[in-house]
Every structure is written in C-alpha cells, then in structure tokens.
Amino acid sequence: MRSHADATVTIQTSAEAVLSPPSWFGEVVLLARYLKQQGVLEAINERVRFARRRFGRYEVIDFLVVLFGYAISGERTLEAFYQRLQPFADPFMALFGRDRQPVRSTLSRFLAALTSEPVDALRSLFLDDLLSRPLSKEKQTGGLADRAGNTWVVFDFDGTRKAARKPALPQTEALPPAFSAVG
C-alpha cells in the first residue's frame with residue numbers, strides 16, 4: 001500500500017479490489033430511514049396482508065423492499081437490479097429491518113400470485129400517510145398548469161415508468177403561446 005500525505009488530503013491506494021455500492025444506494029438509505037421514522041414500514045407489516053400460498057419465510061414487506069429498491073435503481077430489468085445488488089443484498093435488506101432478500105424466482109411467484117386486495121391496502125396506506133403529513137399548513141396539491149392558467153390535478157394509477165404522450169394544446173387567439181419546460 002502506498003500513501004501520500006498532505007496537510008489537508010490523504011490519499012491511499014491498494015492493489016486489492018473493493019466493490020463500490022451502486023450509485024442509487026444512497027437514495028435507498030434515505031427512503032428506508034424516512035419510512036422507518038414515519039412508521040410506514042410498521043404500518044405495512046400490520047395493514048398489508050396477502051393470502052399467500054408458499055413463500056417460505058418471506059413477508060409482504062420483503063418483496064416490497066426489493067420493489068422499492070428496483071424502482072429507485074432505474075435498472076432496466078429486475079435481473080440487472082439483482083446482479084448489481086447481489087454483493088450488497090444483506091445491508092440493503094437490513095436498511096429496512098429485514099434479514100434476507102427473496103430470490104428472483106420467489107419474487108416472480110409472489111408477483112404472479114398478487115391480487116388486488118394487498119395492492120389496494122398498500123395504496124390506501126400510502127394515501128393515508130400522505131394526507132396525514134401535508135407539506136405545509138396550507139392546502140397543497142400537485143398538478144399541471146395549462147397556458148390559460150388553469151390547474152389540473154393529475155393521477156397516475158397504472159404505475160408505468162413511461163410518460164404518456166403529450167396531447168395537442170388548443171390553438172386560439174385568446175391563449176398565450178405554448179411553453180414547455182420539458183422537451
């Protein structure tokens with residue numbers, strides 16, 4: 001090992017290979033901490049039930065944790081996510097208070113057997129959580145504003161990752177010119 005010291009910087013090198021966590025791992029740390037602090041993980045354990053067939057020792061939360069990580073990671077496939085996460089699977093699951101990551105085949109069986117009841121329970125839980133902690137004391141809603149200044153509240157229930165195509169805007173003399181901050 002070589003070392004170079006300066007008054008403010010110390011640089012050390014080594015021939016040993018050291019794995020680095022995925023770039024998105026920090027976001028998972030923040031999400032896990034927030035969900036724990038707000039009691040959301042505990043609420044999921046209590047309120048989201050699944051009449052499972054055979055998922056061994058895994059609970060619903062184990063599968064959700066993997067899906068949270070996959071959503072944050074931006075990996076193109078679940079297989080790529082699992083490969084990138086593999087060296088860090090234990091600390092990843094420990095962030096959420098879990099001790100073991102479900103293997104891909106078990107996750108696939110879980111997703112194939114998933115019914116609407118646990119999904120609705122999870123949706124309800126997140127909505128209750130959202131409404132219980134407003135961003136400020138004033139009423140706040142998300143949405144889009146059109147050229148005429150009208151605000152439209154937008155809901156996305158299908159959970160796809162691709163944005164829908166933009167509809168054509170009306171063209172009249174009374175409206176200001178179209179403007180889009182997003183290409």
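We count residues from 1, following the sequence as given.
- Minimum heavy-atom separation, F25 to P91: CZ-C, 4.3 Å.
- Residue F63 is grouped with residue L114 when hydrophobic side chains (ILVMFWY) are merged at heavy-atom distances under 4.5 angstrom, including chains of intermediate members.
- With contacts defined as side-chain heavy-atom distances shorter than 4.5 Å, the pair L85/Q101 qualifies.
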Practice task
For side-chain contact (heavy atoms from CB on, under 4.5 Å), just list the numbers for R98 and E59, CA-CA rounded to whole Å, side-chain angles, deciding distance to a tenth of an Å, and then say yes or no.
Solution key: CA-CA 10 Å; R98 310 307 299 167; E59 301 293 329; 3.6 Å; yes
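- When all heavy atoms of L125 and I44 are compared, the closest pair comes out as CD1-N, 3.6 Å.
- When hydrophobic clusters are built by joining Ile, Leu, Val, Met, Phe, Trp and Tyr residues whose side-chain heavy atoms come closer than 4.5 Å, directly or via intermediates, Y34 is grouped together with V29.
- Residues D62 and F110 have side chains not in contact (no heavy-atom distance under 4.5 Å, counting atoms from C-beta outward).
- A search for side-chain hydrogen bond (donor to acceptor under 3.5 Å, both in side chains) contacts involving E42 returns nothing, not counting sequence neighbours.
- The residue from L31, L30, V28 that alone fulfils the side chain to side chain contact (heavy atoms under 4.5 Å, CB included) condition with L95 is V28.
- Side-chain polar atoms of T115 and E117 form a donor-acceptor pair below 3.5 angstrom.
- M93 and R100 make their closest contact through CE-O, 3.4 Å (heavy atoms, listed as atom of the first residue, atom of the second, distance).
- The side-chain heavy atoms of P118 and V60, taken from C-beta on, include no pair separated by under 4.5 Å.
- Counting heavy atoms of neighbouring residues, nucleotides and ligands inside a 6.0 Å radius, atom CZ of R47 exceeds 12 of them.
- The ring-ring contact (aromatic ring centres under 6.0 Å, His included) analysis of residues 75-100, with sequence neighbours excluded, yields the pairs W24-F81, Y70-F81, F92-F96.
- The closest donor-acceptor contact from the side chain of S124 to the backbone of D120 lies at 3.5 Å or more, if one exists at all.
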